[in-house]
There are 2 protein chains.
Amino acid sequence: MSGGVEWGLHCCVVLSGAGAPVPAAKLAELHDVSQSYLAKQLQLLSRAGLVRSSLGQAGGYVLTRSASEITVLDVIEAIDGAQPAFRCTEVRQRGPLATPAERCDTPCPIARVMAAADRAWRESLRGITIADLVADVSRTTPAEQLDRARAWLRA
Amino acid sequence: MSGGVEWGLHCCVVLSGAGAPVPAAKLAELHDVSQSYLAKQLQLLSRAGLVRSSLGQAGGYVLTRSASEITVLDVIEAIDGAQPAFRCTEVRQRGPLATPAERCDTPCPIARVMAAADRAWRESLRGITIADLVADVSRTTPAEQLDRARAWLRA
DNA sequence: GACTTCCTACTCGGATACTGGCTGTCCGAGTTCTGAGGG
DNA sequence: CCCTCAGAACTCGGACAGCCAGTATCCGAGTAGGAAGTC
């Protein structure tokens with residue numbers, strides 16, 4: 001899985017806490033990552049409609065909807081793409097004992113098993129929202145530190 | 001995910017049906033894939049202890065245990081490795097607002113969510129064995145074709 | 001006929017090049033705010 | 001005092017190199033079986 005997914009999730013968590021647009025440069029500095037590369041991930045989030053960008057001074061990125069309406073899966077699919085990790089190449093239709101295509105109305109058992117596992121994975125991630133992550137962070141970190149983070153974002 | 005996983009699974013299904021060792025070259029011809037590259041995947045299966053190789057004439061690969069005792073996850077982990085797709089880089093410990101390492105006794109919420117999804121994925125794949133795949137194939141393909149395949153393997 | 005020996009053919013195993021996608025970087029297009037100048 | 005306008009600084013967006021895992025390939029090491037030769 002692309003490493004940018006982690007950055008994208010962290011950014012969404014931060015954006016949900018900030019009340020104003022946050023420029024990409026600030027997000028990059030906060031997480032100590034390459035500004036140019038993070039910009040690429042934010043572009044992907046923007047294309048997927050998860051965040052909205054505003055130009056000019058005091059511009060930056062904002063979530064387009066409530067953090068409770070953005071699932072972790074949304075972010076992953078926005079950055080890594082929505083296609084499943086396993087792609088059946090229809091091996092059974094090749095070689096000397098190839099099954100004719102007309103008999104392949106049902107998917108290959110292997111592909112079916114893989115698809116089921118993929119669904120389980122996605123379902124697990126679809127059940128968690130950015131708001132859940134924020135709640136978890138709020139519970140495990142002292143309030144003083146959260147205030148400091150919010151102040152740093154405004155500055 | 002590595003494409004070799006698909007080949008490895010197909011090979012395990014075939015090996016479970018063949019009563020004698022099957023050389024890599026035959027498996028490659030049967031699936032119409034590169035012999036040299038398939039050999040690499042079979043080596044990985046061998047290192048993981050899923051198959052046993054015998055040299056010389058009439059040599060080849062055999063499953064080391066019953067098909068009902070080999071899960072799909074076993075094959076995937078043998079070829080693609082057992083490490084999870086998501087690796088937390090501890091972003092929270094970096095940047096101007098870094099959380100000190102001493103406070104990071106609990107894993108990052110993002111990592112926790114990812115790990116849970118990964119467990120769901122693996123659990124789904126752990127529940128299916130090669131024998132299940134074979135049973136599925138036997139049910140959906142005519143017996144005549146299965147006999148033809150077994151005869152081809154012996155030749 | 002049975003045993004020994006050698007030889008051939010066949011097998012796997014690891015070491016070696018090549019390629020696509022992720023990683024990382026850069027500069028240009030566009031917008032908003034600010035400040036000066038004029039009415 | 002208010003409006004207009006030009007400028008500057010800041011923002012995002014897409015286009016451009018670099019590197020590593022996965023892909024594909026090759027040849028060498030080792031073994032099992034069989035055929036020939038000998039007792």
Side-chain angles (χ1 to χ4, degrees), chain A residues 1-8 11 15 18 20-29 31-64 76-81 83 85-87 89 91 153 155, chain B residues 1-8 11 15 18 20-29 31-64 76-87 89 91 153 155:
Chain A
M1 161 160 11
S2 166
V5 169
E6 186 180 9
W7 300 3
C11 286
L15 287 179
V22 181
K26 220 162 204 6
L27 289 170
E29 184 187 357
H31 297 104
D32 188 24
V33 296
S34 157
Q35 170 180 346
S36 306
Y37 189 39
L38 181 63
K40 185 185 269 294
Q41 319 300 340
L42 291 170
Q43 274 177 47
L44 291 172
L45 293 179
S46 178
R47 283 189 201 169
L50 298 180
V51 302
R52 189 78 183 163
S53 66
S54 49
L55 271 61
Q57 274 184 333
Y61 288 95
V62 191
L63 295 182
T64 54
I76 294 176
E77 290 190 339
I79 294 181
D80 258 17
Q83 52 193 327
F86 181 87
R87 200 178 72 82
T89 60
V91 171
L153 276 177
Chain B
M1 163 160 12
S2 167
V5 169
E6 186 180 10
W7 300 3
C11 285
L15 288 179
V22 181
K26 219 162 203 11
L27 288 170
E29 185 187 355
H31 297 103
D32 189 25
V33 297
S34 158
Q35 170 180 347
S36 307
Y37 189 39
L38 181 62
K40 185 187 267 297
Q41 319 299 340
L42 291 170
Q43 276 177 45
L44 292 171
L45 293 179
S46 178
R47 283 189 201 170
L50 298 181
V51 302
R52 188 78 184 165
S53 67
S54 50
L55 271 61
Q57 272 184 334
Y61 289 96
V62 191
L63 295 183
T64 55
I76 294 176
E77 291 191 337
I79 294 181
D80 258 18
Q83 51 192 328
F86 180 86
R87 201 178 73 79
T89 60
V91 171
L153 277 177

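When reading the values below, keep in mind they use all heavy atoms of this one structure, side chains included, and skip hydrogens, waters and symmetry mates. Below, chain A is the first sequence line, B the second, and so on; all start at residue 1. If you're wondering where the values come from, they're calculated on a predicted model, not measured in any experiment.
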Rounding to an integer number of Å, can you tell me how far [X] [atom1] sits from [N] [atom2]?
X	N	atom1	atom2	answer
A:K26	D:dC12	NZ	P	12 Å
A:R52	D:dT11	CZ	C1'	14 Å
B:E29	C:dT11	CD	P	12 Å
A:I79	C:dT23	CD1	C1'	14 Å
A:L15	D:dC12	CG	P	11 Å
B:Q43	C:dG14	CD	C1'	6 Å

For residues 32-47 of chain B, which residue pairs qualify under salt bridge (charged side-chain N to carboxylate O under 4.0 Å, His left out), counting only residues two or more places apart or in two chains? A:R94-B:D32

Is the shortest side-chain heavy-atom distance between B:L15 and B:V62 below 4.5 Å? no

Does the side chain of B:L38 come within less than 4.5 Å of B:C11's, by heavy atoms? yes

Whether [X] contacts [N] is assessed here as follows: a side-chain N or O lying under 4.0 Å from the phosphate OP1 or OP2. Is that the case?
X	N	result
B:S53	C:dG13	yes
A:R47	D:dG14	yes
B:S46	C:dG13	yes

Donor-acceptor pair, B:E6 side chain versus A:T89 backbone, under 3.5 Å? yes

Would the distance check show the side chain of B:T64 and the main-chain N or O of B:L50 forming a donor-acceptor pair, the cut-off being under 3.5 Å?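 Yes; judged by distance alone, with no hydrogens or angles, the pair exists.
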
Nearest to the side chain of B:Y61, heavy atoms from C-beta on, is which of D:dG13, C:dG13, C:dT11?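 My answer, after comparing the listed nucleotides, is C:dG13.
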
Which residues satisfy the salt bridge (charged side-chain N to carboxylate O under 4.0 Å, His left out) test with B:D80, sequence neighbours excluded? none

To the nearest 0.5 angstrom, please state how far the CG atom of B:L42 sits from the CD atom of B:Q35.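 Here the interatomic distance stands at 10.0 Å.
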
Does A:A24 reach a base, just sugar-phosphate, or nothing at all? Heavy atoms under 4.0 Å. sugar-phosphate

Under 4.0 Å protein heavy-atom contact, by nucleotide of nucleotides 19-34 of chain D - B base, S sugar-phosphate only: ----SBBB----BSS-

